[in-house]
Number of protein chains: 2
Amino acid sequence: MTKAHGFHQHDHAACISDALTKAEAYCAARKLQFTPVRRRTLEVLLAHHRSMGAYEVLSHLDASGFGAQPPVAYRALDFLVKHGFAHKVEAMNAYVACSHPGAQHVPAFLICRQCSTVQEAQIEPMQNGLGDAAQDAGFAIERAVVEAQGLCPLCQQSAPE
Amino acid sequence: MTKAHGFHQHDHAACISDALTKAEAYCAARKLQFTPVRRRTLEVLLAHHRSMGAYEVLSHLDASGFGAQPPVAYRALDFLVKHGFAHKVEAMNAYVACSHPGAQHVPAFLICRQCSTVQEAQIEPMQNGLGDAAQDAGFAIERAVVEAQGLCPLCQQSAPE
DNA sequence: ATTTATATGTAATGATATAACATATCAAGC
DNA sequence: GCTTGATATGTTATATCATTACATATAAAT
Ligand SMILES: [Zn+2]
Ligand SMILES: [Zn+2]
Ligand SMILES: [Zn+2]
Ligand SMILES: [Zn+2]
């Protein structure tokens, strides 16, 4: 069975189990606790394969028997983001599973304003112009947010304007 | 009198009146209404010369005799952002006056996590790696968000870690 | 087994943002 | 000038996003 991944189709079941396996291995290697609620949170993000608000994630966690209060979701999401299994899409105040788990990368997103699909793009770190600007200013970059908003291929056909 | 502009010093009074004059001219040319509350909002952003939350802006508008309810600030800020006089810093849910008013540009920010100072950097549009990724995906970019978080020159000296 | 650190559950609250609707002002056309 | 439609503002209420604080539970270290 295939499902949209960003703007493409792909084998969704394999994609989910791959990402979970990688996260498991990563945590085991670093003695991080990949607890049930953290695992379930990643499963939820992977299954939906689009950006989700914290409260939407929370409702799934609640339905799965975990706590129903906001910190349950925010703590699990913070863990996933901190260790690179998920990213926060700042322009949407939403979260999305990482498409390139394991790889050291600067996440960049193409966000459709019509259907809210988010595709994670590969960009060259330090080749986004920011590196030069930072160097000139003596600024030490720790994290970069690169997000483009616009229309995905599908919505360009259906959107009038 | 000089004041920090991003991480540099500059003639702040001239900077404010320049930006206001440019905004006035821009609006006059396009028959946009540069109303008192919109003008005051830009003045507030320019005077502080750092990113400000909508409610912080609102408290100044209230003190200046305008409405005290959130839509007053959000509507004025939306106007300024729409026409390029200000930008929203997505990673902080905050707003900042544009440093290059008039110039067509992709705003990029260097955000200090310690002192919250925001410097707007000049980057080349479409040279941030996103352009290529978007083209490959058939994605039509309408707006880009480029934000770097880290430590400014001053805070690198004082911050232990 | 005891201690210490980490993780989870829950209640309360804070911070950010918008919907809805009434009133006021502006811009044209008559 | 008056009418009309569009734009802008004021205000109430509510929606959405996020954190603090503290109690309890589990895991790791000694
Ligand atoms: Zn990623
Ligand atoms: Zn779309
Ligand atoms: Zn700008
Ligand atoms: Zn600083």
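Proteins get letters first, then strands, A, B, ... in listed order; numbering begins at 1 in each. Side chains are part of it too, since the values below use all heavy atoms of this structure and drop only hydrogens, waters and symmetry mates.
Atoms CD (B:E56) and P (C:dG14) sit 18 Å apart, rounded to a whole Å. Rounded to an integer number of Å, the gap from CZ of A:F66 to P of D:dT26 is 13 Å. Separating the CG atom of B:L77 from the C1' atom of C:dT18 is a distance of 14 Å, rounded to the nearest angstrom. Straight-line distance from the CE atom of B:M52 to the C1' atom of C:dA15: 16 Å, rounded to whole Å. Residue A:R39 contributes atom CZ, which lies 19 Å from atom C1' of C:dT8 at whole-angstrom precision. The CZ atom of A:R38 sits 6 Å away from the C1' atom of C:dA7 (whole-angstrom rounding). Rounded to an integer number of Å, the gap from B:F34 CZ to D:dA8 C1' is 15 Å. Rounded to whole Å, atom P of D:dA28 lies 17 Å from atom CZ of A:R30.
Comparing B:K31 and A:A76 against DNA chain C, the residue whose closest nucleotide sits nearer the 5' end is A:A76.
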List, with names and distances, any nitrogen or oxygen atoms from the protein found under 3.5 Å away from nitrogen or oxygen atoms belonging to nucleotides 15-22 of chain D.
from   : atom 1 : to    : atom 2 : distance (Å)
D:dA18 : OP1    : A:K88 : NZ     : 2.6
D:dA18 : OP1    : A:N93 : OD1    : 3.4
D:dA18 : OP2    : A:Y74 : OH     : 3.1
D:dA18 : O5'    : A:Y74 : OH     : 3.4
D:dA18 : N7     : A:Y55 : OH     : 2.7
D:dA18 : N6     : A:Y55 : OH     : 3.1

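A ring-centre distance under 6.0 Å is found for B:H87 and B:H105.
Base contact: A:V72 has a heavy atom under 4.0 Å from a base atom.
Considering only side-chain atoms of A:V37, the nucleotide from C:dT8, D:dA27, D:dT9 that sits closest is C:dT8.
Taking the six-membered ring for Trp and thresholds of 30 and 60 degrees, B:Y55 and B:Y74 have ring planes more than 60 degrees apart, a perpendicular arrangement. In this pair, B:H12 and B:H49 present their aromatic rings tilted. The plane angle is within the 30 to 60° band.
The pair A:R143-B:E147 fails the salt-bridge criterion, with no side-chain N (NZ, NE, NH1 or NH2) lying under 4.0 Å from an Asp/Glu carboxylate O. Salt-bridge check for A:R38 with A:E43: failed, with every basic side-chain N at 4.0 Å or more from each acidic carboxylate O.
For CD of A:E56, the number of neighbouring non-hydrogen atoms (other residues, nucleotides, ligands) closer than 6.0 Å is greater than 12.
A sub-4.0 Å separation between OP1 or OP2 of C:dT25 and a side-chain N or O of B:T35 is absent.
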Under the criterion ring-ring contact (aromatic ring centres under 6.0 Å, His included), I'd like the reasoning laid out for A:F85 against A:Y26: C-alpha separation, chi angles, the key distance, then a yes or no. CA-CA 10 Å; A:F85 306 132; A:Y26 182 100; 5.4 Å; yes
